[in-house]
Amino acid sequence: MSRSESRAARLLREMRVSFVLALPLVLSQLSSMGMNIVDTLLAGRHGPVTLAAVGVGSAIWSVVILVSIGVLMAVPPTVSQLNGAGRRGEIGPVFRQALWLALALGVALVFVVRAGALALGPMGITPEARPEAVAFLRAISWGAPGLALFFCLRNLSEGVAWTVPSMVVGAVGLALLAPLGYGLMFGAGLGAAGLGYAVAIVLWCQAASMATYLWRARRFADLRLFERFEGPRWPPIRALLRLGLPMGVSVFMEGSLFVATALLIGTLGTTQMAAHQIAILIASLCFMVPLGVAMATTVRVGHAVGAGDLSGVRWAAGAGYALAMLAQTASAVLLVTSAAWLAALFTADPAVIALASLLMAYAAVFQYPDGLQALSAGALRGMKDTRVPMVITVLAYWGLGLPLGAWLGLARGQGAPGLWTGLILGLAVAASLLGWRFWRLSRRPLPAVSVT
């Protein structure tokens, strides 16, 4: 920062840089959420049982998304730190090993999804929704490898601060899903299974499109990403796992709090499950904005770490916090003022609309802690700090949030609103502890950049 530049001017400049980087990521995340919205809209038009079934199936499928996102989050900070340190020649070999990791992860997750389908009965999911949920999960499971490969490919692009391809491929996938899902669900008469097959096809198309772009774009020519075939090598894969597994656990702990909440609500009946599905979908849509900003913050912090610029680490994080809080304020206002109208987009059932509107008021409350924890986690990922955040998320989400929610919602008879109170507590505790962790680390000397 020059002597003539005020702190406010520096913050605005940093926010502009982060905004330009984050906007395509936000739009990409919104496209991903748009796929869930398309599924929910189509399922809702098919009937309340199908809507509930897709809600349960989507909750389990989200575990796959969370694991894939979390483990493969090792790619952006690794790539951005190498890029910031001027070691671009080392990016290609790391990327090729990341592809092997993504492929293995995706294949394993096919079996995880199918095991989840078998567990719906023991979970107590209402019998009328169970067959359609099983069909949805079996169909969508074929998309797990495509999902993991797509995340790996887009994370490489984002790690070198080029986020436009993620936005474009995400938008094309969303545009493809609507007619494909409708045709398979209604035209082919496959019901919920048709939605699952449609999502799987779209995910493989996105992975193929992203790979083609990285292979042909001049921007990535010097990285020589596909220069030669390399078999899997354990040392770089182990380094990625050492970084990515704690991230995977952290993301899973947060996401599984919402999944477990959905499954518990699924035992309360179709109305409560349908209302929860609508409210959590809209709240998750709002969360895509701070999540995109957090992803951009990971890249900017990682680049600053690679360059050895501790002041740059702080300013990059500060810009991310400011952008996220602005976005969360807008989201909270939207949820409070437009809840009934938003719920009516998905269903005409008055009971579902009323309960979904109430749950959106709860969602407005957790907008701020959700945005803060996302930004703190993103900044910490840029510094490759993953183990302590993992412990924090386990404590916040499963040690406090879920037990309180289950006690209020089930034991105390408050239903879905009681379970959502647990969500608020878990997010608030995580936001406080993760923010404190980043504050401490951002005042210590930066470590040397390493990929092993």
Side-chain angles (χ1 to χ4, degrees), residues 22 26 29-30 32-34 36-37 40-41 55 58-59 62 254-255 257-262 264-265 268 271-294 320-347 349-378 396-397 400-402 404-406 408-409 412 414-432 434-435:
V26 171
Q29 294 304 120
L30 290 173
S32 298
M33 273 305 303
N36 289 337
I37 292 175
T40 302
L41 287 170
S58 296
S62 69
E254 179 188 359
L257 171 65
F258 290 86
V259 172
T261 299
L264 289 174
I265 293 174
L268 300 175
T271 297
Q272 294 218 33
M273 185 61 218
H276 170 81
Q277 172 68 4
I278 292 170
I280 202 66
L281 184 62
I282 294 173
S284 299
L285 184 64
C286 293
F287 178 67
M288 293 303 101
V289 180
L291 179 59
V293 175
Y321 280 119
L323 288 172
M325 289 303 96
L326 288 173
Q328 296 306 80
T329 298
S331 296
V333 171
L334 175 67
L335 289 166
V336 169
T337 60
S338 305
W341 177 79
L342 291 170
L345 294 176
F346 297 89
T347 182
D349 189 321
V352 175
I353 291 175
L355 183 54
S357 299
L358 175 61
L359 295 180
M360 276 187 254
Y362 283 77
V365 175
F366 71 58
Q367 290 303 296
Y368 293 103
D370 208 10
L372 288 172
Q373 66 83 23
L375 254 294
S376 297
Y397 300 136
L400 296 173
L402 186 61
L404 175 66
L408 291 174
R412 300 289 294 176
Q414 295 182 15
L419 284 154
W420 277 56
T421 301
L423 298 180
I424 295 172
L425 174 68
L427 292 169
V429 172
S432 300
L434 291 172

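Note: hydrogens, waters and symmetry copies are ignored here, and every other heavy atom, side chains too, is used.
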Could you tabulate the donor-acceptor pairs under 3.5 Å formed by side-chain atoms of residues 419-427, not counting sequence neighbours?
unit_1: Trp420; atom_1: NE1; unit_2: His276; atom_2: ND1; d: 3.0
unit_1: Thr421; atom_1: OG1; unit_2: Pro417; atom_2: O; d: 3.1

Please give me the minimum heavy-atom distance between [X] and [Y], naming the atom from each residue.
{"X": "Leu375", "Y": "Pro290", "result": "CD2-O, 3.7 Å"}
{"X": "Leu359", "Y": "Ala279", "result": "CB-CB, 3.6 Å"}
{"X": "Leu268", "Y": "Ala416", "result": "CD1-N, 4.1 Å"}
{"X": "Thr271", "Y": "Ala351", "result": "CG2-CB, 4.1 Å"}
{"X": "Gln373", "Y": "Leu434", "result": "O-CD1, 3.8 Å"}

For Ala322, side chain to side chain contact (heavy atoms under 4.5 Å, CB included) partners two or more places apart:
Met15
Side chain to side chain contact (heavy atoms under 4.5 Å, CB included) with Ala343: which residues, sequence neighbours excluded?
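Ala343 satisfies side chain to side chain contact (heavy atoms under 4.5 Å, CB included) with Ile278, Ile353, Ala356, Ser357, Met360 only.
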Under the side-chain hydrogen bond (donor to acceptor under 3.5 Å, both in side chains) test, residues paired with [X] that sit two or more places apart:
{"X": "Ser58", "result": "none"}
{"X": "Thr40", "result": "Gln277"}
{"X": "Gln29", "result": "Arg154"}

Decide yes or no for [X] and [Y]: does some side-chain heavy atom of the first lie under 4.5 Å from some side-chain heavy atom of the second?
{"X": "Tyr321", "Y": "Val293", "result": "no"}
{"X": "Ile280", "Y": "Thr261", "result": "no"}
{"X": "Gln272", "Y": "Leu355", "result": "yes"}

When rounded to the nearest 0.5 angstrom, what is the spacing between [atom1] in [X] and [atom2] in [Y]?
{"X": "Ile265", "Y": "Met273", "atom1": "CD1", "atom2": "CE", "result": "7.0 Å"}
{"X": "Leu30", "Y": "Ser284", "atom1": "CG", "atom2": "OG", "result": "11.5 Å"}
{"X": "Leu291", "Y": "Ser32", "atom1": "CG", "atom2": "OG", "result": "9.5 Å"}

Which pairs would a plain distance check flag for residues 327-338, meaning a side-chain donor or acceptor within less than 3.5 Å of a matching protein atom at least two apart in sequence or in another chain?
unit_1: Gln328; atom_1: NE2; unit_2: Gln367; atom_2: O; d: 2.6
unit_1: Gln328; atom_1: NE2; unit_2: Gln367; atom_2: OE1; d: 3.3
unit_1: Thr329; atom_1: OG1; unit_2: Met325; atom_2: O; d: 2.9
unit_1: Thr329; atom_1: OG1; unit_2: Tyr368; atom_2: OH; d: 2.9
unit_1: Ser331; atom_1: OG; unit_2: Ala327; atom_2: O; d: 3.2
unit_1: Thr337; atom_1: OG1; unit_2: Val333; atom_2: O; d: 2.8

